Amino acid sequence: MLQHPATQYRPFPQVKLTDRQWPNRTLTAPPVWMSTDLRDGNQALIEPMDLARKMRMFRMLCDIGFKEIEVAFPSASKTDFDFVRQLIEGDHIPADVTIEVLSHARENLIRRTVESLSGARSAIVHVVSPISAPFRELVFGMSKAEVLDIAVSAARLVKQLTAEHPETKWTFEYSPETFSATELDYSLEVCNAVTAAWGAMPDNKIIINLPSSVEVSTPNVYADQTEWMHRHLERRDSIILSLHNHNDRGTAVAAAELGLMAGADRIEGCLFGNGERTGNVDIVTLALNLHTQGIEPGLDFSDINAVARTVEYCTQLPIAPRHPYVGDLVFTAFSGSHQDAIKKGFAAQKPDTAWNVPYLPINPTDVGRSYDSVIRINSQSGKGGIAYLLETEYGIVMPRRLQVEFSREVQRHTDHHGGEMSAADISQLFSQTYLDTKNPLRYVEHHFFEQGDSQGIHLVVEMNGSTRKLEGKGNGPIDAAVHALSGIDVALHVRSYEERSMSSSHQGGDAKACAFIELTRQGGADECYGVAVDANIVTASIKALVSGANRFLAK
């Protein structure tokens, strides 16, 4: 329960749309993308970007593939005005990119805005005016007719001023600010009046942008509002219907996706969801959501880390570690069951087949991330993640029962020390547990000899500082070595034996083999593994036997 008396809130705006079509539609193509990182995103920063940061952000947005970029609010500050002039006069705008600037619907601001665009090859003039009841009644103290006249007068002035600059290809955009909280019939009336004032035609389309300036409803209601406007707007064939979603309820991405299903053509937003209050819609998430459905989004996020670092530098805002697709931990599994499923998914994934790895909706390499960070180890982790790291980083492919055994060692380590274990930490613990065991036995050398149908071995070990020469016979090298160790009261039985070649970026040019021997004490149920690595597989097997003997003796 809230600790204070409940505030009374307005209910969601209601939409009478009983035959809605958007629930039956699916997305098949990307929208027109418009980045407002340099305008809406910039004005939301504690310290707005200086000219150098704005230029770095602009160039990155062009490289990603944005063809429409809202670069400034030129009437709001000299920095913004100067940046627009720098882009135009310095010829920094690619031929296929159109810059956009915003202005409130006031004459002096519109004149300053059009002035900033002088000499541009192509530009979008974006005019915005609030039209909801709270603004009409509380902010402006105006009637519906008076608020409508503000929008129409602004549209006419924009058309008049831009006509004086025929060298520029002009596109007009109007946003009925606070659309999502405005009566639909009134929003329609204002938008129709603006499109009429601009003389919208199929070969000279204008943009009508429907902002959820403050997100006040569930995504389905916003989709209903969008579809209602899509179906009722006059001159619809002369309109590019655009959405500008904010994230106050945390559902901007869902609202934008449903709005596209409801008939919208265009999306305005910011990379990683920067913007006023809780932010604008996250264009990266929207685009990569399309990518996971097999739809080419038209934006290049193949090096998502580089994009993220640039945005963090320019905005001086951190990106959360769990942020969709880009956060440092989003391709990381700590849970043991998750790790095991991911490991099996990677093993089964074949080239040129549909992506089908559990818990990973996107292939990390599509966005320039590696598999190295997918599985990380802490006290919640299990055998699958541990096995994955040893295999991918060090070429050690553990048998399943060894995975279970070693995971207990890792669990004890993390429970005792806390924190996370890196791949190097896991490898070091594996070496300490299996490969580097020299007490009480240390392997020195061995030599084989034949005796009838049996295999004989002279095994030299060091035990508690003393050299011991042991001899044994058996039906093979390992059996002979088992019998040799019985000479120092180490009575062992081999339950299973596996040998595997090793290959990883950590290995040098010489191929090595890894031997795994599962042992039990003769006459007992206790069991453990011995492991060893050597260029010679037989030597690796003998060393693995000594490793297992040491682990039993240590118990």
Side-chain angles (χ1 to χ4, degrees), residues 26-30 63-65 283-309 322-377 381-400 402-403 407 422-424 426-427 430 498-514 516 533 537:
T26 57
L27 299 178
T28 59
D63 290 342
I64 289 170
I283 284 185
V284 174
T285 299
L286 275 174
L288 291 177
N289 283 354
L290 291 175
H291 175 74
T292 66
Q293 301 304 302
I295 301 169
E296 173 53 52
L299 297 174
D300 182 4
F301 294 119
S302 59
D303 189 356
I304 198 71
N305 285 347
V307 175
R309 299 296 83 82
R322 299 292 183 186
H323 194 105
Y325 299 112
V326 69
D328 289 340
L329 296 179
V330 298
F331 296 121
T332 300
F334 289 106
S335 162
S337 61
H338 287 215
Q339 292 170 347
D340 186 60
I342 291 171
K343 177 178 181 292
K344 291 172 179 173
F346 279 147
Q349 184 68 38
K350 304 298 182 186
D352 302 321
T353 61
W355 181 250
N356 190 33
V357 176
Y359 295 114
L360 293 178
I362 188 174
N363 185 340
T365 62
D366 287 356
V367 290
R369 299 284 289 272
S370 71
Y371 296 143
D372 296 347
S373 64
V374 169
I375 293 178
R376 288 161 62 172
I377 305 301
S381 305
K383 61 184 184 299
I386 296 162
Y388 175 81
L389 289 180
L390 283 178
E391 179 177 344
T392 56
E393 290 290 309
Y394 298 95
I396 299 174
V397 183
M398 293 189 291
R400 182 169 179 79
L402 177 57
Q403 294 178 28
S407 69
S422 66
I426 296 291
S427 175
F430 186 83
E498 296 183 44
E499 59 185 55
R500 295 175 183 174
S501 61
M502 295 177 61
S503 61
S504 89
S505 58
H506 288 244
Q507 303 302 318
D510 297 331
K512 290 187 177 182
C514 192
F516 307 92
V533 174
I537 187 57

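Please read these numbers as outputs of a predicted model, since none were measured by experiment.
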- Would you check, one step at a time, whether the test side-chain contact (heavy atoms from CB on, under 4.5 Å) holds for I426 with E393? CA-CA 10 Å; I426 296 291; E393 290 290 309; over 6 Å; no
- List the steps, then state whether side-chain contact (heavy atoms from CB on, under 4.5 Å) holds for L27 with Q293. CA-CA 9 Å; L27 299 178; Q293 301 304 302; over 6 Å; no
- side-chain contact (heavy atoms from CB on, under 4.5 Å) between Y325 and I362, worked out: CA-CA 8 Å; Y325 299 112; I362 188 174; 3.9 Å; yes
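Using a 4.5 Å heavy-atom threshold, the side chains of N305 and R369 count as touching. For the pair V367/V326, no side-chain contact is recorded, criterion being any heavy-atom separation below 4.5 Å from C-beta on. Contact annotation: the side chain of K344 never approaches that of P358 to less than 4.5 Å [non-hydrogen atoms, C-beta and beyond]. Taking the side chain as every heavy atom from C-beta outward, P30 and I295 approach each other to under 4.5 Å. Residues I386 and M398 meet the side-chain proximity criterion, which asks for heavy atoms closer than 4.5 Å.
Side-chain N or O atoms of W355 include none that pairs as donor or acceptor with a backbone N or O of T292 at under 3.5 Å. In this structure a side-chain-to-backbone donor-acceptor pair under 3.5 Å is missing from E498 to F516.
If you take CD1 on I304 and CG on D366, they are separated by 11.5 Å, rounding to the nearest 0.5 Å. To the nearest 0.5 Å, atom CG of residue D63 and atom CG of residue D303 are 11.0 Å apart. In this structure, CZ on R500 lies 8.5 Å from CD on E391, to the nearest 0.5 angstrom. Here NE2 of H338 is found 13.0 Å from OG1 of T332. Values are rounded to the nearest 0.5 Å. Atom CD of Q403 sits about 7.5 Å away from atom CG of D340, to the nearest 0.5 Å.
Contact between A423 and Y394 at its shortest, heavy atoms only, is O-CE1, 3.5 Å. When all heavy atoms of K343 and A387 are compared, the closest pair comes out as CE-CB, 3.6 Å. The two residues Y359 and A341 have their closest heavy-atom pair at CE1-CB, 3.8 Å. Residue L390 comes nearest to S427 through the heavy atom pair CD2-CA, 3.9 Å, listed as atom of the first residue, atom of the second, then distance. Considering every non-hydrogen atom in both C514 and V533, the closest pair reads SG-CG2, 3.8 Å. Pairing each heavy atom of P297 with each of A287, the nearest pair is CB-O, 3.5 Å.
Considering only residues two or more places apart in sequence or on other chains, F430 meets the ring pair (Phe, Tyr, Trp, His ring centres under 6.0 Å) condition with F406, Y434.
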Name the atoms and distances for all side-chain donor-acceptor pairs under 3.5 Å in residues 346-354, with sequence neighbours left out.
unit_1: Q349; atom_1: OE1; unit_2: N356; atom_2: N; d: 3.0
unit_1: Q349; atom_1: NE2; unit_2: T353; atom_2: O; d: 3.4
unit_1: Q349; atom_1: NE2; unit_2: T353; atom_2: OG1; d: 3.2
unit_1: Q349; atom_1: NE2; unit_2: A354; atom_2: O; d: 3.2
unit_1: T353; atom_1: OG1; unit_2: K350; atom_2: O; d: 2.6

